[in-house]
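Order of listing sets the numbers, starting from 1, for every ligand and every atom in it.
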Amino acid sequence: MSKLIDGKAFADRLCATLAEEVVTLKKDNQLSPCIAVVLVGEDPASATYVGAKVKRCEQLGIDSRSHHLDVTTSEEELLSLIEQLNNDPEVHGILVQLPVPKQINGDAVINAINPDKDVDGFHISNAGALAVGQNNMVPCTPLGSLMLLQDELGDLSGMNAVVVGRSNIVGKPMAALLLQQSCTVTIAHSRTKDLPAVCREADILVAAVGIPHFIQADWVKPGATVIDVGINRIKDEATGKNRLVGDVDYSAAAEVAGAITPVPGGVGPMTIACLMYNTVAAAKNQAGIA
Ligand code: GUN
C-alpha cells in the first residue's frame, strides 16, 4: 500500500500561512487583498466550486466580490464588467468561472482580464510567460500539483514525468512547470499510441483527462508518484448516491504506486489554496510590495 499524499492538510497549512500574511498586509501596508469572482449561469458544479472559493477567502480574510450573472448575459455585458474590474484599484484578482454559456467566447473574456489580475493564470500572455520561464500568474491546479510533488519528492530533476491530458488549464501548464524543474516530460493524450506503456515509464504520473478511473493500476510503474487531477461525479452502484472519483483507479493503483493523491482530498483543495496564493501575490505585486 502506497503513501497517501494529503492535499487537504497541505492546503490547510498553506492557507494558514497566507492568513497570517493577509493580517500583516492589512496592518502594516493598509492592503486588503480582494478577488472578484464572476459566475455566469446556473451550472451546479460551477456554483459549488465558486462557493468553495468564496468560503476559503472568508477564512483567510481575503475580500471577495461575487458577481452572479444571468445565463442570458451577452459577451459585451461580460466584457464591460471585466473592464470595470480591471479599472478598480481595490480589486486585485479577477476570476471568471468556466465554462461560460455558449453565446460568450470564453477565450475573448479571459484575454480581456488584466494579466496581472488574472489569478487563474489563463490569460494568453500568462501562458506565454510560463512557456518561456518568465512566470507571472501560474494556473492553480498545476501549481498546487507541483507543490505536492516537491513536498513528496524534493528535487524533481531528471525524473520521467508523464502528463496525461493536454488542456490549456492543466496539461500544458503542468508540463511547462515540470520542464522548468528539469524533468523529462511527455504529454500524452487521446491519440497517444500504447498509452499504458508510456505511463509505465513515468516516475511522476499526472492524470488530467476527466474520465473516471481511466488510469489502470498496471499502467503505473511500481514506486511511481501519482497525481490525480480528475474530479468526476459518478453514481455509486451500491448506494445509488453520487460520489467524486478521480481519473485513476485509486484503490488498485495505490497498491503499486509509491505515493498517490486521493480524490477527494488531494489536488482539489490545492487548487483553491493556490488561488488564494495567487490573489495575495497579485495584491502585493499591484501595491509594489516584494
Ligand atoms: N473551471 C474548471 N476549473 C476551473 C478553474 O480552475 N478556474 C476557472 N475559472 N474555471 C474553472
May I have the N/O to N/O pairs between ligand 1 and the protein that fall below 3.5 Å, each with atom names and distance to one decimal?
{"residue": "ligand 1", "atom": "1 (N)", "partner": "Gln97", "partner atom": "NE2", "Å": "3.4"}
{"residue": "ligand 1", "atom": "1 (N)", "partner": "Leu98", "partner atom": "O", "Å": "3.0"}
{"residue": "ligand 1", "atom": "7 (N)", "partner": "Asp120", "partner atom": "OD1", "Å": "3.2"}
{"residue": "ligand 1", "atom": "7 (N)", "partner": "Asp120", "partner atom": "OD2", "Å": "3.3"}
{"residue": "ligand 1", "atom": "9 (N)", "partner": "Val96", "partner atom": "O", "Å": "2.9"}
{"residue": "ligand 1", "atom": "9 (N)", "partner": "Asp120", "partner atom": "OD2", "Å": "2.6"}
{"residue": "ligand 1", "atom": "10 (N)", "partner": "Gln97", "partner atom": "NE2", "Å": "3.4"}
{"residue": "ligand 1", "atom": "10 (N)", "partner": "Leu98", "partner atom": "N", "Å": "3.0"}

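- Members clustered with Val256: Leu4, Val162, Val164, Leu195, Val198, Leu205, Val209, Ile211, Phe214, Ile215, Trp219, Val220, Val226, Val248, Tyr250, Ile260, by chain and number, using a 4.5 Å side-chain heavy-atom cutoff among hydrophobic residues.
- The closest donor-acceptor contact from the side chain of Asp151 to the backbone of Met147 lies at 3.5 Å or more, if one exists at all.
- With hydrogens and angles left out, the side-chain atoms of Gln180 and Asn135 include a donor and acceptor closer than 3.5 Å.
- Residues Leu81 and Thr73 are not in side-chain contact: their nearest non-hydrogen atoms beyond the backbone lie 4.5 Å or more apart.
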Checklist entry - Do Arg191 and Arg166 pass the side-chain contact (heavy atoms from CB on, under 4.5 Å) test, and can you show the C-alpha distance, the side-chain angles, and the key distance before you say yes or no? => result CA-CA 11 Å; Arg191 301 291 179 90; Arg166 52 176 157 175; 4.2 Å; yes
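- Under the 4.5 Å side-chain heavy-atom criterion for Ile, Leu, Val, Met, Phe, Trp and Tyr, Ile231 and Leu95 are members of distinct hydrophobic clusters.
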